[in-house]
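Each remark here refers to the structure printed beneath this line.
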Amino acid sequence: MRFYSLAQSLKDIQDALKSYYEQYLVILRVSGYKLDLKTYFVNLAIVEAPAQRKKEKQDLKEQAAVFHRIPSIDAVERTNMQSSIHLDQLFNKRKLRDGSENVPKTILVQGRAGIGKTTLCKKLVHVHQTGLWGNLFDAVLWLPLRQLKAFKSRTLEGLLREKFFTQGLGKGDSLARTLETCAQEGRVLFILDGLDEIVTDTECDEGIALRSFLTTLLTQQHVVITSRPSGLDRSLLPSIDLELETVGFSQQNVNEFLAKVLKPEEVRTVQDFIQQTPLIQGLLNIPVLLDVICFSWDSLPRDDPTITMTGLYQLMVRKLCCKDALRLKKTAGGKDLKEREINKLAPKHIDELMAIELQHLGYLAFKGMKNNHQIEFDETALLSAFEDLREYGATDLFPPQLLEMMKQTSFLHTADTDMDTSNSGSQQAWYFLHLTFQEYFAATWIARHLQVKQPHPTTEIMTVEQVKAFVQEHKYNPQYEIVWWMVAGLLDGEALEEFFDLLQGSPRDLIGGRHQQILTSCLNEARARLDTTVMARLDAELMRWLHFEIQTCHSKHGRSILGCQTSFPETLLVEKLGSVCSWKTNLVQTLGARSTLSESAIQSLTSALKDEDANFRSSAASALGKQPMLPESAIQSLIGALKDEDANVRYSAALALGKQPMLPESAIQSLIGALKDEDANVRYSAALALGKQPMLPEPAIQSLIGALKDEDANVRYLAASALRKQPTLPESAIQSLIGVLKGEVENGRYSAASALGNQSALPESAIQSLIGALKDEDADVRHCERVMTLHIQDNKLCFYTEQGLVRSEPIESDIEKIITSAFKTVQHEAGVHV
């Protein structure tokens, strides 16, 4: 009876939690439409412990499936982008940060603003409700920590009752007590969302009790803690078992998202625009920004890859303003404007229509950034900002009126929709749609002061001279980096030149690298509006610094970090590449490190394949190989480079061809020829390149089979790997592999067994050869993972591939003895005793 009572209580708890979370487990797009949470993407990467970091033999490279990330104060150090964890494997047994192996109990998830931490919390609740981890947890509780101070209780039972069990059940006390008991038994997962958002509240004298209660929550038996890196107070944390970063969308996620929210005919167009616009690529891994770009798609310049960051945000803001004008019932001539009329307005008229809202958003954004980079605003902070503007005559509206207006815009959001605001201590926290929107609006506030010379009401809050002093003081502050980009993008004429004078003036970065980075990005935003003389002077300074940076590189052919930035003018690199230059190899390597190259840059690299300097030719081939889609002319030039007199050039050309998704027949034939190159490294790169092609013709397959007998072990391994990736090998290839399996080259036998074992259907002769391989004198052949796809089940010999069981046959006694003996040998060699 007691068991039934507990089971019924747990069911009541789970029903209550499901009812409570129902309205929150959705993704709301900026358009107002909802997306199904179960099809939304969350990517987690491991943040390595210092001990793990030391074991790395080389610097961790950014995962190819994730876009380059825009600069942020919220950078997470030591994230291994190549080591990801699927959400459903979060609580699998694994190696923990202290070196032990166990199920993680305390997990820290860091992530930049807007990258998907709250979505992760929703996903954790959702997957548990659909049955995952039911054997581990009776309940999963999502607790936004910023709401903690609004609750009266400072006990776990009281918090659970106030948060989850106040509506309609009539037995909240009992359910809260039962849930607390489950937590004490380790049957509850606590998701503590936003540790950085409560740190300030725990540091004052009034926050002592809150800090104590926070410690109680943080030390529960199973906890997932989320936080922005820049606000994380590690002194509050318990011992962490696993540290992760939520890294936003991968390229595949982006394509799937586009397919969900756009019309089929628009998807390809948007993908092409993304590919041609490097600026966009730094934003796409951030879900909310991708959503806004899709919503604004009909307003974006589809044939202008030179669009600036500022220009993009201006277009997106105006598109969202059109939506907001309709919601706010904006009028003209005493009549409410209709959607069709609003959408036809010129940009300056949209700005005029939403002038009050835009001005107040600008001041709020700037005031927040000036106030210790504040990104969340309670109603007191909002009203204070609006009161400032009213006091100095910038508006005749009262702050409460403005507050209600601003809440209806697309630019301010709250996650506290479930908060009981009738409680005097409860205030919803509001934040900008994304941090970059706050930075954009802060830039509009600064630019307005620098652009307009005559006095206006807001100059009473901050004079032009004070704004200039602010720029000089904070120009190297990473928190304002994107703000300065956008200020440069908003100004024009004399005000723009004066802004660059401020950047160039004192104080100056003594080393110079930081200054040139800021200058490069600001120039990229303002290039089209600067005087040509000023532009030439600033470009010359950039090239002097780039040359200095290359000269001081530790490696002989080092690339420029400054020149690798997307914001650095590609044209300067290409122009210098075409001149007589002693550091042209460095320029090529710099171009190769950029995420996207223009057609003219690719043509320059193609021409470089015929240079008299072999190192230069090799670097040019490598640079071309880093581009995801090369034109036919570049591919033909790389094919020609496979016959270069220098082995390093041939090696680089083969690697470059291998990185193209689909090669023409002429390239395949040339790579087949390269498998017989006198240089082992060239043969290696040719086998690697062929292995990346989804379907190979029979001549290529036969050439790879021949490479299984290569004198170089690495070539043999890659040839086998290439064959293994082919879904169906022809009969002639199967017979050739059987021959290699019976040959004298040990690594060749291993490679042949690997390739045969991956085939979904094999003739009897191949099966017998694989069985015979279990008696091979070489341990690697006997241990081959593909041979191990033979299993004994119910007195039958079963054949498995990666697709599962494909066939089974009765075991003959002599075969059974061979298999049993072989597996006993394998177990003995592996130290396994059964």
Side-chain angles (χ1 to χ4, degrees), residues 1-26 36-38 42 87-88 90-91 103-107 109 118-194 213-226 238 415-420 423 426:
M1 186 68 182
R2 181 180 176 186
F3 174 78
Y4 173 79
S5 177
L6 176 60
Q8 185 60 43
S9 293
L10 287 177
K11 185 179 185 306
D12 289 343
I13 288 170
Q14 291 164 354
D15 288 345
L17 291 175
K18 187 172 183 179
S19 176
Y20 173 83
Y21 283 125
E22 186 175 7
Q23 61 182 311
Y24 305 116
L25 299 187
V26 295
D36 190 348
L37 185 63
K38 66 183 179 184
V42 173
L87 197 62
D88 59 359
L90 190 59
F91 295 102
V103 174
K105 292 187 175 182
T106 305
I107 301 173
V109 181
T118 297
T119 300
L120 168 65
C121 298
K122 293 179 179 181
K123 288 280 282 189
L124 290 172
V125 174
H126 173 75
V127 296
H128 180 259
Q129 288 186 354
T130 56
L132 191 63
W133 308 319
N135 61 322
L136 295 176
F137 310 120
D138 293 324
V140 172
L141 305 179
W142 171 28
L143 297 171
L145 291 177
R146 62 179 169 271
Q147 298 179 3
L148 207 57
K149 62 182 178 181
F151 294 104
K152 297 176 182 178
S153 178
R154 290 292 178 262
T155 66
L156 181 56
E157 180 187 333
L159 172 65
L160 297 176
R161 183 175 55 252
E162 283 189 66
K163 175 73 175 173
F164 300 109
F165 305 124
T166 58
Q167 301 298 324
L169 286 174
K171 46 185 176 181
D173 291 344
S174 174
L175 295 180
R177 281 194 298 271
T178 301
L179 192 52
E180 182 182 32
T181 300
C182 292
Q184 292 168 351
E185 296 172 352
R187 297 288 303 171
V188 176
L189 173 63
F190 288 84
I191 307 170
L192 306 180
D193 186 16
F213 185 40
L214 176 62
T215 301
T216 299
L217 294 174
L218 291 169
T219 53
Q220 292 296 311
Q221 292 190 45
H222 293 279
V223 183
V224 173
I225 305 160
T226 75
D416 298 328
T417 54
D418 62 330
M419 182 176 287
D420 180 11
N423 183 343
S426 303

| said: Test: salt bridge (Lys or Arg N to Asp or Glu O under 4.0 Å). Region: residues 129-139. Which pairs qualify, not counting sequence neighbours? | reply: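 Residue pairs with at least one partner in residues 129-139: D138-R187.
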Under the 3.5 angstrom rule, does the side chain of [X] hit a backbone N or O of [Y] as a donor-acceptor pair?
{"X": "Y21", "Y": "W142", "answer": "yes"}
{"X": "S19", "Y": "A16", "answer": "no"}
{"X": "Q220", "Y": "F190", "answer": "no"}

| query | Are more than 12 heavy atoms from other residues, nucleotides or ligands located less than 6.0 Å from atom NZ of K122? | reply |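 Atom NZ in K122 is packed in, count exceeds 12.
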| query | Which is it for L179 and F165 under the side chain to side chain contact (heavy atoms under 4.5 Å, CB included) test, yes or no, and what are the steps along the way? | reply | CA-CA 11 Å; L179 192 52; F165 305 124; 3.9 Å; yes
| request: Examine F151 together with F213 and report whether their ring centres are nearer than 6.0 Å. | output: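 Between F151 and F213, the centre distance exceeds or equals 6.0 Å.
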Closest non-hydrogen atom pair, [X] against [Y]:
{"X": "D12", "Y": "K171", "result": "OD2-NZ, 2.7 Å"}
{"X": "A183", "Y": "L156", "result": "CB-CD2, 4.3 Å"}
{"X": "A139", "Y": "L17", "result": "CB-CD1, 3.8 Å"}
{"X": "L160", "Y": "E180", "result": "CD1-N, 4.0 Å"}

What distance separates [X] [atom1] from [Y] [atom2], expressed to the nearest 0.5 Å?
{"X": "I191", "Y": "L120", "atom1": "CD1", "atom2": "CG", "answer": "7.5 Å"}
{"X": "S153", "Y": "K163", "atom1": "OG", "atom2": "NZ", "answer": "14.0 Å"}
{"X": "E157", "Y": "S174", "atom1": "CD", "atom2": "OG", "answer": "9.5 Å"}
{"X": "F91", "Y": "I107", "atom1": "CZ", "atom2": "CD1", "answer": "4.0 Å"}
{"X": "I13", "Y": "Y20", "atom1": "CD1", "atom2": "OH", "answer": "15.5 Å"}
{"X": "H126", "Y": "C121", "atom1": "NE2", "atom2": "SG", "answer": "14.5 Å"}

| task | Identify the residue among L37, T118, L25 that makes a side chain to side chain contact (heavy atoms under 4.5 Å, CB included) with K123. | result | L37
| said: If we check side chain to side chain contact (heavy atoms under 4.5 Å, CB included) with L189, which of these qualifies: L141, V140, V223, L136? | reply: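 Single side chain to side chain contact (heavy atoms under 4.5 Å, CB included) partner of L189 among L141, V140, V223, L136: V140.
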Any [X] side-chain heavy atom under 4.5 Å of [Y] side chain:
{"X": "T106", "Y": "T219", "result": "no"}
{"X": "V224", "Y": "D193", "result": "no"}
{"X": "L87", "Y": "L124", "result": "yes"}

| query | Which of parallel (below 30°), tilted (30 to 60°) and perpendicular (above 60°) describes F137 and W133? | reply |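 Judged by the thresholds at 30° and 60°, the geometry between F137 and W133 is perpendicular.
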| query | For E22 and K18, what are the C-alpha separation, side-chain angles and deciding distance, and is it a salt bridge (Lys or Arg N to Asp or Glu O under 4.0 Å)? | reply | CA-CA 6 Å; E22 186 175 7; K18 187 172 183 179; over 6 Å; no
| task | May I have the step-by-step check of side chain to side chain contact (heavy atoms under 4.5 Å, CB included) for L192 and L218, ending in yes or no? | result | CA-CA 8 Å; L192 306 180; L218 291 169; 3.6 Å; yes
